[in-house]
Amino acid sequence: MAGRFEGKVLFVTGAARGQGRNHAIRFAQEGADVIAVDIAHDIETVGYPGATKADLDETVRAVEAQDRRIVASTVDIRDRAALIAAVDEGVAQLGRVDVVSSNAGIATFAPAAEMTEEMWRTMIDINLTGQFFTAQAAIPHLVRQGDGGSIAFTSSTAGLKGMSNLAHYSAAKHGLIGLARSLANELAPHKIRVNTIHPTNVDTMMIQNSATKALFGGPDISREEFGEAAVGMNMLPVPWVDVDDISEALMYLASDAGRFLTGVALPVDAGMSQK
């Protein structure tokens, strides 16, 4: 039986690990080829290790294990020209692009009054401007193809409500809603749908690190202790969701099942945004 995305191509950023890698694998399992990019090194101001080239190579291996093609590049999404070149090369090799997962992002923490200019600028440059560049790199191909497509920005519950120590992150993630809704209006005549996904905590390196754990009892607390402290953030009695939960939302938005959804802010948040 053919998969939901047979003959389609996914373009995903932040593909070396976590949500991005999972998106690449899950779409490949459903028949898609993949254009994958990741910065694949540490980022200034971020208190946890960045992905590596070896991580991106593992994503390539995992996609190819599904008997699908993948074009992977080490690209900083803040570099508009390099991002456009990576997508152009991916389309040249794979023939098209149909689904855009603008997933790459960082998380850092500081009270607003103590936040450095570098922390603010790095956050906005990656978590908002880089997302805009991601869309810009794909839109000409989606329009030229003439048969529609899907763009989904990975926002956050912090894109739906304010959170302490996250003024810069919340500002960027709220900004993605405005970006997506504006693009949804612009691109609707081309049958290109644009939405945002708003996860609660997701079980990846972005939360499973000492910098995040320090906010929940100490940098050296165990996974179990962290989970006990984090569960109170959500309405449902879970501390975090799995990467598969976000991949399922992305596939829904990108598939025929979501063909009339555009300009939507979709929470996958265990009720966090309503608590």
Side-chain angles (χ1 to χ4, degrees), residues 10-29 32-66 68-80 82-83 85-87 89-90 99-109 118-119 122-131 133-134 137-138 152-156 168-169 172-173 176 197 199 201-214 219 223 226 240-247 250:
L10 166 72
F11 165 41
V12 56
T13 63
R17 67 184 185 194
Q19 294 182 55
R21 175 190 286 173
N22 202 69
H23 297 339
I25 295 170
R26 290 296 307 278
F27 271 80
Q29 290 171 343
D33 294 326
V34 179
I35 301 169
V37 305
D38 200 290
I39 191 171
H41 66 69
D42 292 348
I43 297 174
E44 63 276 18
T45 76
V46 176
Y48 54 88
T52 65
K53 180 60 165 58
D55 291 325
L56 186 57
D57 290 343
E58 175 58 23
T59 299
V60 171
R61 186 207 63 76
V63 169
E64 291 179 341
Q66 305 300 321
R68 305 313 307 167
R69 296 176 294 167
I70 179 170
V71 178
S73 307
T74 52
V75 174
D76 186 336
I77 62 170
R78 293 170 290 185
D79 186 339
R80 180 178 180 274
L83 193 54
V87 176
E89 177 60 25
V99 180
V100 179
S101 172
S102 186
N103 164 78
I106 60 170
T108 57
F109 307 92
E118 184 183 21
M119 285 185 70
T122 301
M123 179 63 69
I124 300 301
D125 286 350
I126 294 174
N127 282 22
L128 184 56
T129 305
Q131 315 308 308
F133 291 163
T134 298
F153 296 98
T154 302
S155 182
S156 167
H168 55 339
Y169 183 83
K173 295 298 191 179
L176 289 177
I197 301 173
N201 298 321
V202 183
D203 190 12
T204 69
M205 177 62 75
M206 183 174 279
I207 69 164
Q208 299 294 352
N209 63 75
S210 58
T212 305
K213 288 180 178 180
R223 178 182 173 89
F226 180 24
W240 42 69
V241 299
D242 189 74
V243 287
D244 266 340
D245 297 305
I246 312 307
S247 293
L250 175 64

I want to check something: taking the side chain as every heavy atom from C-beta on, are [X] and [Y] in contact at a cut-off of under 4.5 Å?
{"X": "Val75", "Y": "Ile39", "result": "no"}
{"X": "Ser102", "Y": "Thr154", "result": "no"}
{"X": "Leu56", "Y": "Thr74", "result": "yes"}
{"X": "Phe226", "Y": "Thr212", "result": "yes"}
{"X": "Thr122", "Y": "Arg78", "result": "yes"}
{"X": "Val202", "Y": "Val243", "result": "yes"}
{"X": "Trp240", "Y": "Gln208", "result": "yes"}
{"X": "Phe11", "Y": "Thr134", "result": "yes"}

Tested for side chain to side chain donor-acceptor pair (under 3.5 Å) against Ser247, the lone hit among Gln19, Gln29, His23 is His23
Under 3.5 Å: donor-acceptor pair, side chain of [X], backbone of [Y]:
{"X": "Ser155", "Y": "Leu176", "answer": "no"}
{"X": "Gln131", "Y": "Ala104", "answer": "yes"}
{"X": "Asn127", "Y": "Ile106", "answer": "yes"}
{"X": "Asp33", "Y": "Arg69", "answer": "yes"}
{"X": "Asn209", "Y": "Met205", "answer": "yes"}
{"X": "Thr59", "Y": "Arg21", "answer": "no"}

Practice task
Starting from the C-alpha separation in whole Å, work towards a yes-or-no answer on side-chain contact (heavy atoms from CB on, under 4.5 Å) for Asn201 and Val241.
Solution key: CA-CA 6 Å; Asn201 298 321; Val241 299; over 6 Å; no
How close do [X] and [Y] get, counting heavy atoms only, and between which atoms?
{"X": "Val12", "Y": "Ala24", "answer": "CG1-CB, 4.3 Å"}
{"X": "Ala15", "Y": "Asp38", "answer": "N-OD2, 3.2 Å"}
{"X": "Thr204", "Y": "Gly18", "answer": "CG2-CA, 4.0 Å"}
{"X": "Tyr48", "Y": "Gly105", "answer": "OH-O, 4.3 Å"}
{"X": "Gly50", "Y": "Asp42", "answer": "N-OD1, 2.7 Å"}
{"X": "Ala86", "Y": "Val37", "answer": "CB-CG1, 4.0 Å"}

- Query: Is a side-chain donor-acceptor pair under 3.5 Å present for Thr52 with His41?
  - Reply: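 Side chains of His41 and Thr52: no pair found under 3.5 Å.
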Check: Does the side chain of Thr13 pick up a donor-acceptor pair with the side chain of Asn103 at under 3.5 Å?
Finding: no
Sorted by chain and residue number, the salt bridge (charged side-chain N to carboxylate O under 4.0 Å, His left out) partners of Asp55 (sequence neighbours excluded) come out as none
Measuring from [X]:[atom1] to [Y]:[atom2], what's the distance to the nearest 0.5 Å?
{"X": "Ile70", "Y": "Leu10", "atom1": "CD1", "atom2": "CG", "answer": "9.0 Å"}
{"X": "Lys173", "Y": "His168", "atom1": "NZ", "atom2": "NE2", "answer": "11.5 Å"}
{"X": "Asn22", "Y": "Asp203", "atom1": "CG", "atom2": "CG", "answer": "11.0 Å"}
{"X": "Asp125", "Y": "Asp79", "atom1": "CG", "atom2": "CG", "answer": "12.0 Å"}
{"X": "Ile124", "Y": "Tyr169", "atom1": "CD1", "atom2": "OH", "answer": "12.0 Å"}
{"X": "Asp76", "Y": "Ile126", "atom1": "CG", "atom2": "CD1", "answer": "6.5 Å"}

- Task: Before accepting this row, confirm whether a basic side-chain N of the pair Asp57/Arg61 lies closer than 4.0 Å to the acidic partner's carboxylate O.
- Result: no
Derivation and outcome, side-chain contact (heavy atoms from CB on, under 4.5 Å), residues Ile197 and Phe153: CA-CA 6 Å; Ile197 301 173; Phe153 296 98; over 6 Å; no
| field | Steps toward side-chain hydrogen bond (donor to acceptor under 3.5 Å, both in side chains) verdict (Thr45, Glu118) | value | CA-CA 7 Å; Thr45 76; Glu118 184 183 21; over 6 Å; no
Check: Please walk me through it: do Thr108 and Met123 pass side-chain contact (heavy atoms from CB on, under 4.5 Å)?
Finding: CA-CA 8 Å; Thr108 57; Met123 179 63 69; 3.4 Å; yes
